[in-house]
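In what follows, chains are A, B, ... by sequence order, proteins preceding strands, each numbered from 1.
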2 protein chains.
Amino acid sequence: MAKAISMQALQRLPLYLQYLRSLPAENETNISAKALGNALGFGEIQVRKDLSSVSDGGKPKIGYLTADLIRDIESFLGYDNVNDAVLVGAGKLGKALLSYQGFRAYGLNIIAAFDRNPEALGKDESGKQILPLSKMENLCRRMKVEIGIITVPAPEAQGVCDALVKSGIKAIWNFAPTHLKAPKEIMVKNENMAASLAVLSKSLAKKENMPQQI
Amino acid sequence: MAKAISMQALQRLPLYLQYLRSLPAENETNISAKALGNALGFGEIQVRKDLSSVSDGGKPKIGYLTADLIRDIESFLGYDNVNDAVLVGAGKLGKALLSYQGFRAYGLNIIAAFDRNPEALGKDESGKQILPLSKMENLCRRMKVEIGIITVPAPEAQGVCDALVKSGIKAIWNFAPTHLKAPKEIMVKNENMAASLAVLSKSLAKKENMPQQI
DNA sequence: TAGATTGTTAATCGATTAACAATC
DNA sequence: TAGATTGTTAATCGATTAACAATC
């Protein structure tokens with residue numbers, strides 16, 4: 001436990017968590033690496049290796065205790081203490097993310113949105129405030145917000161990124177289809193729809209050596 | 001040219017393309033691997049290797065011709081012949097994707113949406129039809145649709161996946177936070193927001209050995 | 001020509017998988 | 001006990017990077 005974990009393994013952990021949470025609580029008190037792997041299309045050795053960074057272990061013959069494993073993954077990923085975030089760009093995608101209740105289960109809480117368009121300001125359907133960009137830095141610093149979500153069109157994204165950095169944000173979740181330049185201490189996670197489409201499009205064009213799921 | 005390409009390289013190609021398209025057409029008639037890499041945060045050797053699967057080559061001292069490179073990447077990714085898609089789940093996220101004009105540039109054309117809720121049916125703001133699920137198989141077969149986009153809540157996603165497969169779809173773009181079981185000849189690309197959040201959340205919790213951008 | 005830049009072959013690095021001993 | 005399942009060490013595989021020859 002508390003060992004190094006690869007970037008790939010880190011990104012598989014939420015998948016384990018999703019699946020474990022979906023199990024009926026009463027029945028499945030324990031689960032084997034093999035069963036978990038089968039459910040998600042991973043090999044059992046990989047599952048054990050992944051879980052070894054997180055849990056202090058299953059029991060031979062029994063497997064892992066489901067409830068413990070859920071708790072261990074949540075705690076490893078920091079989902080048990082909520083991260084506040086702000087979102088910039090209250091267009092359709094921005095509003096969809098603002099309204100999505102599911103982020104709570106991943107420890108993400110979007111506290112407010114910002115938009116440069118005065119028409120967009122006010123309370124969103126989600127009940128969250130959409131504020132002018134001029135209020136961003138002050139709010140972020142006051143609330144110690146560390147995550148910024150960018151859902152503006154590509155040409156505006158770099159400017160928004162700069163403003164978020166200036167507001168003291170530590171990590172950026174970028175939905176704009178463009179590469180952002182940010183100081184090296186700021187983590188940027190790109191939600192790369194174009195890359196996904198490339199994989200889909202290519203898989204239709206030629207069947208050779210494509211994995212089934214990605 | 002026309003060589004094997006790794007899955008990672010495949011997913012970087014759209015990033016090159018995005019950047020190249022964003023350049024002012026008149027000025028930059030050519031670009032070096034180094035300049036491209038600098039713009040996107042990749043090493044120049046990686047850029048050359050990636051492009052070697054796609055283009056029939058740059059010229060020493062000059063680099064790649066921007067216009068040719070754009071055309072070569074588009075053609076390699078199949079963006080020049082448009083793929084029709086259907087979308088299932090006309091909630092907020094579904095509607096955001098329906099309205100997004102940018103997919104055209106990646107060769108994706110969503111021709112219609114489906115929803116099980118009768119209230120949701122009719123013309124969307126985007127001008128696209130939202131139809132009952134009962135019409136899906138017929139429409140997909142008639143139009144030879146090969147891509148299905150899933151934007152329903154997790155518990156409904158597997159059923160929708162099965163229905164898409166039954167409708168003759170060949171590739172699935174899954175936005176539901178759940179793993180799908182599909183026949184092995186069907187390619188499934190998961191848009192994994194939970195995995196992204198894991199990376200962000202972890203980067204805030206501990207600074208050690210995290211890449212800056214992902 | 002010299003220098004910038006290319007493409008490729010070989011070395012390195014990191015992630016996955018196989019093999020196997022430990023244990024309930 | 002035998003068998004299922006664990007965790008870890010070593011081998012394999014694949015992707016990235018370094019080194020270098022080719023060329024405009």
S.K.: Between A:Lys59 and B:Ile62, which is nearer to the 5' end of DNA chain C once each is assigned its nearest nucleotide?
M.R.: B:Ile62

S.K.: What's the closest nucleotide to the side chain of B:Pro60 if the choices are D:dG7, C:dT6, D:dA18?
M.R.: C:dT6

S.K.: Measure from CG on A:Leu65 to P on D:dT6 and round the result to the nearest Å.
M.R.: 12 Å

S.K.: Are the side chains of B:Val199 and B:Lys202 in touch, meaning some heavy atoms are under 4.5 Å apart?
M.R.: no

S.K.: Whole-Å distance between D:dT8 C1' and A:Ile5 CD1?
M.R.: 16 Å

S.K.: Send over the distance from A:Tyr64 OH to D:dA4 P, rounded to a whole Å.
M.R.: 18 Å

S.K.: Can you check the A:Leu36 CG to D:dG7 P distance for me, whole Å?
M.R.: 12 Å

S.K.: Is the A:Trp173 to A:Tyr106 ring centre distance short of 6.0 Å?
M.R.: no

S.K.: Run B:Val88 and B:Glu156 through side-chain contact (heavy atoms from CB on, under 4.5 Å) and show every step you take.
M.R.: CA-CA 10 Å; B:Val88 187; B:Glu156 293 164 42; over 6 Å; no

S.K.: Can you tell me the distance, in whole Å, between the NZ atom of A:Lys61 and the C1' atom of C:dT23?
M.R.: 11 Å

S.K.: Check nucleotides 14-16 of chain D against the protein and report each pair of N or O atoms closer than 3.5 Å, with its distance, or say if there are none.
M.R.:
from, atom 1, to, atom 2, distance (Å)
D:dT16, OP1, B:Arg12, NH1, 2.9
D:dT16, OP2, B:Arg12, NH2, 3.2
D:dT16, O5', B:Gln46, NE2, 3.4

S.K.: Whole Å only: how far is the CG atom of A:Asp56 from the P atom of D:dG7?
M.R.: 10 Å

S.K.: Grab the CD1-P distance between B:Ile45 and C:dT12 for me, whole Å please.
M.R.: 14 Å

S.K.: Counting any heavy atom closer than 4.0 Å, what does B:Gly43 reach on the DNA or RNA strands: base, sugar-phosphate only, or nothing?
M.R.: nothing

S.K.: Contact between A:Asn192 and B:Leu15 at the side-chain level, heavy atoms closer than 4.5 Å - yes or no?
M.R.: yes

S.K.: Please map the stems of DNA chain C, keeping only stretches of three or more Watson-Crick or G-U wobble pairs with both distances under 3.5 angstrom.
M.R.: C:3-24 with D:3-24

S.K.: Separation of B:Glu44 atom CD from C:dT5 atom C1', in whole Å?
M.R.: 8 Å

S.K.: For atom CZ of B:Arg116, decide whether the heavy atoms of other residues, nucleotides or ligands shown that lie under 6.0 angstrom number more than 12.
M.R.: no

S.K.: Pairs in or reaching into residues 26-49 of chain A: which pass ring pair (Phe, Tyr, Trp, His ring centres under 6.0 Å), with residues at least two apart or in two chains?
M.R.: A:Tyr16-A:Phe42

S.K.: Might you confirm whether atom NZ of B:Lys128 has over 12 heavy atoms from other residues, nucleotides or ligands at distances under 6.0 Å?
M.R.: yes

S.K.: Measuring from B:Ile130:CD1 to B:Lys95:NZ, what's the distance to the nearest 0.5 Å?
M.R.: 5.0 Å

S.K.: Going by atom types alone, do B:Asp162 and B:Gln158 pair a side-chain donor with an acceptor below 3.5 Å?
M.R.: yes

